[in-house]
Number of protein chains: 2
Amino acid sequence: MSDKNVKYSLTFIILIIGIMDSKVRDILFTNYKHQFNHDLLEQIAEVGTYHSFPENTMLIDFGQRTEHMPLLISGAIKILREDDNGKELFLYFLEKGDTCTMTFTTAPQIISEIRAITEVRTELIMMPLEHIQKWMSNPDWQQFVFNSFTSRMQEMLEAIDTLAFMNLDQRLHKYLLEKASIMKSEVVVCSHEELALDLNTSRVVISRILKQLENKGLLVLRRGAIEVLTQLV
Amino acid sequence: MSDKNVKYSLTFIILIIGIMDSKVRDILFTNYKHQFNHDLLEQIAEVGTYHSFPENTMLIDFGQRTEHMPLLISGAIKILREDDNGKELFLYFLEKGDTCTMTFTTAPQIISEIRAITEVRTELIMMPLEHIQKWMSNPDWQQFVFNSFTSRMQEMLEAIDTLAFMNLDQRLHKYLLEKASIMKSEVVVCSHEELALDLNTSRVVISRILKQLENKGLLVLRRGAIEVLTQLV
DNA sequence: TAGCTCCTGTAACATAAGTTACAATCGGGT
DNA sequence: ACCCGATTGTAACTTATGTTACAGGAGCTA
């Protein structure tokens with residue numbers, strides 16, 4: 001578990017940060033005016049709260065309960081899965097426009113199956129779970145929910161493909177490309193140890209494979225960082 | 001690709017089999033009266049068509065388009081994923097009450113990401129995709145759709161856990177237990193070759209591990225079949 | 001500068017899984 | 001009875017990945 005740098009837990013943060021409705025409304029109308037109609041935006045603005053988290057903040061953890069659903073405004077979130085022995089596995093990144101659909105249910109609160117950690121400073125709007133269903137009569141919302149579900153499904157399928165059909169060298173390279181894309185920089189700042197945690201393997205193995213990838217000319221190794229030379233298509 | 005025994009493609013079957021509405025209504029009211037209210041049942045009965053497929057029938061394949069969504073009445077369906085090189089991977093089984101939610105979208109037709117094959121004789125009701133959204137105003141239907149999504153998510157997560165955190169011997173044992181449960185028999189009828197295809201490995205490896213499991217007393221090997229001794233919890 | 005921790009490189013070995021090759025056996029059909 | 005294909009068993013080898021151990025460098029702080 002690499003939570004040494006994880007700074008706050010969402011549950012507490014929500015209680016602390018409260019920003020007035022006007023800001024929520026502004027942000028919503030700026031970012032979602034093409035996706036949601038005016039009425040829906042107003043409704044979301046009424047119940048949603050704005051939050052901004054620094055990088056490496058754990059938003060939710062396995063088994064933790066939540067009564068909110070996040071709507072991503074900016075930044076990026078890393079989604080992880082963990083097994084009984086505490087071994088982690090990276091699943092996918094969430095970016096603007098995404099929501100954490102794992103949670104959809106009719107229950108008033110849900111128990112998280114995943115861990116979510118911000119990769120960079122991230123802004124989001126939290127909506128109480130109870131409204132998700134209520135708004136389903138709104139076609140824009142319905143579309144949004146369906147699209148979110150479908151996206152998460154696709155990402156899970158991709159995670160499965162990666163695990164089932166790719167070797168570690170390919171998985172590592174893919175991960176670095178995605179991370180570079182998320183960070184908007186070819187230089188991925190992280191240690192071999194952190195990569196090993198996300199890919200559920202050991203540091204030595206990562207070091208070995210990184211060296212191979214460097215020899216192939218796919219990247220350049222630096223201390224505490226990796227320069228990715230090839231681009232994502 | 002193990003389609004040597006796959007008998008028909010759904011696309012054709014749908015055109016061939018047409019059973020009168022009364023049967024659909026009877027089946028629906030018998031199987032779903034606790035889940036859907038009367039109005040909804042009537043609406044489903046109006047547009048749904050009943051179908052019965054023998055075991056080992058491919059219902060849908062990768063890249064294939066469909067304008068229908070199945071509602072499972074009896075039997076069991078195996079869901080598979082395939083990579084570019086034709087290598088397969090078992091994902092999970094669907095049973096009564098399930099639907100193939102991968103497909104939810106607002107588009108009038110969808111392209112399948114998975115392959116679905118009946119494990120035993122299977123009865124289902126096919127509903128045109130266009131109604132899925134229309135019915136969302138009905139709370140029972142909404143609940144059903146959400147539950148389906150959540151179930152599929154859970155199954156995908158389990159598939160990921162299995163791939164990421166378990167060795168082949170555990171995966172194989174787990175697969176056999178699930179299959180025995182689906183077939184309602186401790187004797188799983190299938191060759192080592194078929195197991196190798198579903199677990200994306202080779203026959204020799206499966207034979208080797210089966211022998212290990214037999215030595216551990218977890219199962220008994222027969223020609224063309226495996227008797228599973230331990231039960232699913 | 002000394003001491004400390006974190007990060008990286010590397011070797012040597014262990015284990016899991018994939019590959020190739022071949023033999024033996026079963027069962028169905030002619 | 002015989003043939004033949006499908007199924008299974010097994011050996012020998014390769015490759016991928018995991019494990020343990022240790023060394024050296026970078027950067028920080030006293």
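Residue numbering restarts at 1 for every chain, and letters A, B, ... go by the order of the sequence lines.
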Could you check how far [atom1] of [X] sits from [atom2] of [N], rounded to whole Å?
X: B:Asn215; N: D:dT10; atom1: CG; atom2: C1'; value: 13 Å
X: B:Met166; N: D:dT17; atom1: CE; atom2: P; value: 20 Å
X: A:His192; N: C:dT10; atom1: NE2; atom2: P; value: 11 Å
X: A:Gln170; N: D:dT15; atom1: CD; atom2: C1'; value: 14 Å
X: A:Asn167; N: C:dG18; atom1: CG; atom2: C1'; value: 11 Å
X: B:Leu199; N: C:dA16; atom1: CG; atom2: C1'; value: 15 Å
X: B:Leu168; N: D:dG18; atom1: CG; atom2: P; value: 14 Å
X: B:Lys87; N: C:dT19; atom1: NZ; atom2: C1'; value: 13 Å

Partner set under side-chain hydrogen bond (donor to acceptor under 3.5 Å, both in side chains) for B:Ser185, not counting sequence neighbours: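 In terms of side-chain hydrogen bond (donor to acceptor under 3.5 Å, both in side chains), with neighbours along the sequence ignored, B:Ser185 is linked to no residue.
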Checklist entry - In chain order, what residues pass the side-chain hydrogen bond (donor to acceptor under 3.5 Å, both in side chains) check against B:Ser191, with sequence neighbours excluded? => result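 With neighbours one apart ignored, the set is B:Glu194.
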**Presence of B:Thr201 side-chain N/O under 4.0 Å of C:dG18 phosphate oxygens OP1/OP2** =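 Answer is yes, contact under 4.0 Å.
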### Query
Is the phosphate of C:dG18, meaning OP1 or OP2, less than 4.0 Å from a side-chain N or O of B:Ser202?
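For C:dG18, OP1/OP2 do not have a side-chain N/O of B:Ser202 under 4.0 Å.
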Tell me the ring pair (Phe, Tyr, Trp, His ring centres under 6.0 Å) pairs involving residues 174-208 of chain B, sequence neighbours left out?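 Those involving residues 174-208 of chain B are B:Phe90-B:Tyr175.
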So, using side chain to side chain contact (heavy atoms under 4.5 Å, CB included) as the criterion, who are the partners of [X] when residues are at least two apart?
X: B:Gln154; answer: A:Glu113, B:Thr150
X: A:Ala164; answer: B:Leu89, B:Leu163
X: B:Ser202; answer: B:Val204, B:Val205
X: A:Glu186; answer: A:Gln231

Report task. Please state whether the base of D:dG9 and the side chain of B:Arg203 form at least one donor-acceptor pair under 3.5 Å? Result ->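 Side chain to base: pair found, below 3.5 Å.
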Review point. Listed in order of residue number, which residues of residues 216-228 of chain A have a non-hydrogen atom at under 4.0 Å from DNA chain D?
Key: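 Under 4.0 Å from DNA chain D: A:Arg223.
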Item to check | Cationic N near anionic O, under 4.0 Å, A:Glu119 to A:Lys78 | outcome: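 Yes, A:Glu119 and A:Lys78 are salt-bridged.
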Check this for me, if you would: do B:Glu82 and B:Lys87 make a salt bridge, where the nitrogen-to-carboxylate-oxygen distance has to be below 4.0 angstrom?
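Result for this pair is no, no salt bridge flagged.
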A:Tyr32: partners by ring pair (Phe, Tyr, Trp, His ring centres under 6.0 Å), with sequence neighbours left out:
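Listed in chain order: A:Phe36.
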Quiz item: When the C1' atoms of the five terminal pairs at each end define the local axes, what inter-axis angle does the helix from C:dT1-D:dA30 to C:dT30-D:dA1 show, to 10 degrees?
Solution: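 It comes to 20° between the two terminal axes.
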Quiz item: For residues 205-213 of chain B, which residues have at least one heavy atom under 4.0 Å from DNA chain C?
Solution: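 Of all residues in residues 205-213 of chain B, the ones placing a heavy atom under 4.0 Å from DNA chain C are B:Val205, B:Arg208.
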List the atom pairs, with distances to 0.1 Å, where a side-chain N or O of residues 212-222 of chain B and a protein N or O form a donor-acceptor pair under 3.5 Å, not counting sequence neighbours.
from: B:Glu214; atom 1: OE1; to: B:Lys211; atom 2: NZ; distance (Å): 3.1
from: B:Glu214; atom 1: OE2; to: B:Leu221; atom 2: N; distance (Å): 3.0
from: B:Asn215; atom 1: ND2; to: B:Lys211; atom 2: O; distance (Å): 3.3
from: B:Arg222; atom 1: NH2; to: B:Glu227; atom 2: OE1; distance (Å): 2.5

